[in-house]
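Only this structure's heavy atoms are used, side chains among them; waters, hydrogens and symmetry mates stay out. Given the structure is predicted, the values throughout are model-derived calculations rather than measurements.
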Amino acid sequence: MSPFTSRSCHAVAVAVVSALLLSACSSAGTATDKLSLHDRLPEAVKTAGVIRVGGSFTAAPVIFKSADGRPDGLDVDLAAAMEKVLGVRFEFEDAGPFANVLPGLFEKKYDIGMSGITDTRERQLGVDKNDKQINDGVDFVDYFMAGIGMVVIEGNPKKVSTIDDLCGRTVAVKKGTTHDDLVARQQKACEHTGKLLKVQQTGADADALELVRTGAADVYVTDYPKAQHNATTIGDGKTFDLAGQQVQSRPFGIAVRKSDRELRDVLMKAVNTLIRNGTYDDLLAKRQLTAGAIQNSVVNGSQ
């Protein structure tokens, strides 16, 4: 996936979600707004002077903890940049495993969720993979595009290159992720081939990677940026390999409760401000994530 370098309004012959995110023709956050973005924040947020952020620090380079235990990664960089635009602090709170992030948001443990969360129809509507209602759903302020990647042991001895190659393998995934759902669907498809797919669910990248390193799993399925980061940095790039190409790109979004539309809209305008003034591109370049750049933030771009 190549970095996006143009912000012009050319037609984009890709999926609707990409067209929405890459269009520079939106009027969101225009210079004609008379009120500052700080003024547009909900009164409760202005009074508190802080936006509480729930995240799972298990997904480098998007969100993780640095060597000294502090929040780090693209999500943290983006929050720090929005602090300057909005005039309030963003305070990250550790939600534990990724599967806890959205439940914690519904329980009002924090105001928003930033944890490399893929914007999906199911999460928007609050339904499971069988369309059964399980919660109220969330709105997403989209800020990045990421596909799916696969991490294997160096040399890729099992010759994994496509999703279909997962049949007959043991696959590690983080519980509660879109990759967990993807592997579950592939598990059913593999049953027809006679080569069963075994799943190992974990709560963190490190646990999944350890399963691959020790041979307890053949492959780890995760977001491509995380797969690339882990394959190229762990053991100086000599422990793991990337298998195959990035597939099924979808947006990452800041998760906001449906009832907090005012906050949602201000956050979207803040992201678009950072895109227009060049800060956004600088943040992605810092993390070597320019391939996931969008040209315009939208709400609920994954339909």
Closest contact, heavy atoms only, L283 versus A81 = CD1-CB, 4.0 Å
Please confirm whether the backbone N or O of A204 pairs with a side-chain atom of T202, one donor and one acceptor, at under 3.5 Å?
-> yes
Is it the case that one hydrophobic cluster holds both V266 and V85, taking links as side-chain heavy atoms less than 4.5 Å apart, direct or via other members?
-> yes
With sequence neighbours excluded, tell me which residues meet ring pair (Phe, Tyr, Trp, His ring centres under 6.0 Å) with F98.
-> none
If you measure from the Lys or Arg side-chain nitrogens to the Asp or Glu carboxylate oxygens, is any gap between R70 and D68 under 4.0 Å?
-> yes
The single option from Y280, F252, Y224 passing ring pair (Phe, Tyr, Trp, His ring centres under 6.0 Å) against F144 | F252
Would you sort out whether I117 and R123 count as a side chain to side chain contact (heavy atoms under 4.5 Å, CB included), showing the intermediate values?
-> CA-CA 10 Å; I117 308 171; R123 286 171 175 162; 3.7 Å; yes
What one should report as the nearest heavy-atom pair of P225 and L289 is CB-CD2, 3.6 Å
Is E210 salt-bridged to R213, cutoff N-O under 4.0 Å?
-> yes
Taking Y143 for its side chain and D75 for its backbone only, find out whether a donor-acceptor pair lies under 3.5 Å.
-> no
Are any of the side-chain heavy atoms of D72 and R287 separated by less than 4.5 Å?
-> yes
Are the side chain of K258 and the backbone of Q124 linked by a donor-acceptor contact shorter than 3.5 Å?
-> yes
Of all heavy-atom pairs between S56 and P97, which one has the smallest distance, and what is that distance?
-> OG-C, 3.5 Å
Verdict with supporting geometry, Q200 and V173, side chain to side chain contact (heavy atoms under 4.5 Å, CB included) = CA-CA 6 Å; Q200 294 262 33; V173 291; over 6 Å; no
Main-chain N/O of L125 paired with Q133 side-chain donor or acceptor, under 3.5 Å | yes
Are the side chain of S161 and the backbone N or O of A243 linked by a donor-acceptor pair below 3.5 Å?
-> no
Do you reckon V62 sits in the same ILVMFWY cluster as V151, going by side-chain contacts under 4.5 Å, direct or chained?
-> no
Flag if over 12 foreign heavy atoms under 6.0 Å of CD, Q245 = no
When clusters are formed by joining ILVMFWY residues with side-chain heavy atoms under 4.5 Å apart, either directly or through shared neighbours, do L102 and I254 land in the same one?
-> no
Give the intermediate values and the outcome of side chain to side chain contact (heavy atoms under 4.5 Å, CB included) for residues V88 and H38.
-> CA-CA 8 Å; V88 294; H38 178 80; 4.0 Å; yes
From I148 atom CD1 to L182 atom CG, the distance as rounded to the nearest 0.5 Å | 4.5 Å
Salt bridge D131-R121, side-chain N to carboxylate O under 4.0 Å = yes
Among V160, L166, T178, which one satisfies side-chain contact (heavy atoms from CB on, under 4.5 Å) with V221?
-> L166
Under a 4.5 Å cut-off applied to non-hydrogen side-chain atoms, are L86 and L267 in contact?
-> yes
Go through D165 and K159 one step at a time and tell me if the salt bridge (Lys or Arg N to Asp or Glu O under 4.0 Å) criterion holds.
-> CA-CA 8 Å; D165 293 334; K159 307 302 180 186; over 6 Å; no
CD1/I153 to CG/D241 distance, rounded to the nearest 0.5 angstrom?
-> 8.5 Å
When every non-hydrogen atom of K46 is compared with those of D39, the smallest separation belongs to NZ-O, 3.1 Å
Please round to the nearest 0.5 Å and tell me the distance separating atom CZ of R276 and atom CG of N296.
-> 8.5 Å
Enter the distance from R89:CZ to M82:CE here, rounded to the nearest 0.5 Å.
-> 15.0 Å
Spacing of E122 atom CD and D128 atom CG [to the nearest 0.5 Å] | 9.0 Å
Should we count CD of E154 as having more than 12 external heavy atoms under 6.0 Å?
-> yes
Find out if a path of hydrophobic residues (ILVMFWY) with successive side-chain heavy-atom gaps under 4.5 Å connects V183 to I163.
-> yes
If every non-hydrogen atom of Y110 is compared with every non-hydrogen atom of L105, which pair is closest and at what distance?
-> CE1-N, 3.4 Å
Just wondering, do V271 and L274 contact through their side chains at under 4.5 Å, heavy atoms?
-> no
Distance-only donor-acceptor check, side chains D164 and T162, under 3.5 Å = no
Compare every heavy atom of F140 with every heavy atom of T118, then report the nearest pair and how far apart it is.
-> O-CZ, 3.9 Å
How many angstroms lie between OH in Y220 and CE in M150, if you round to the nearest 0.5 Å?
-> 13.5 Å
Without swapping roles, check the side chain of N100 against the backbone of A95 for a donor-acceptor pair under 3.5 Å.
-> yes
Beyond-backbone contact of V171 with Q186, side-chain heavy atoms, under 4.5 angstrom = no
Can F92 be reached from I51 by stepping across I, L, V, M, F, W or Y side chains whose heavy atoms are under 4.5 Å apart?
-> yes
Are the side chain of T193 and the backbone of C190 linked by a donor-acceptor contact shorter than 3.5 Å?
-> yes
Sub-3.5 Å donor-acceptor pair from the side chain of D142 to the main-chain atoms of V299, do we have one?
-> no
Is a salt bridge present between D218 and K158, judged by a nitrogen-to-oxygen distance below 4.0 Å?
-> yes
Name of the residue among H179, Q246, R250, Q228 meeting side-chain hydrogen bond (donor to acceptor under 3.5 Å, both in side chains) with D223 = H179
Student check: side-chain heavy atoms of L41 and L263 closer than 4.5 Å = yes
Under 3.5 Å donor-acceptor, D119 side chain and G301 backbone = yes
Does some side-chain heavy atom of L197 sit less than 4.5 Å from a side-chain heavy atom of R169?
-> no
Sub-3.5 Å donor-acceptor pair from the side chain of N272 to the main-chain atoms of S297, do we have one?
-> yes
Taking atom NZ of K195 as the centre, report whether more than 12 heavy atoms of other residues, nucleotides or ligands fall under 6.0 Å from it.
-> no
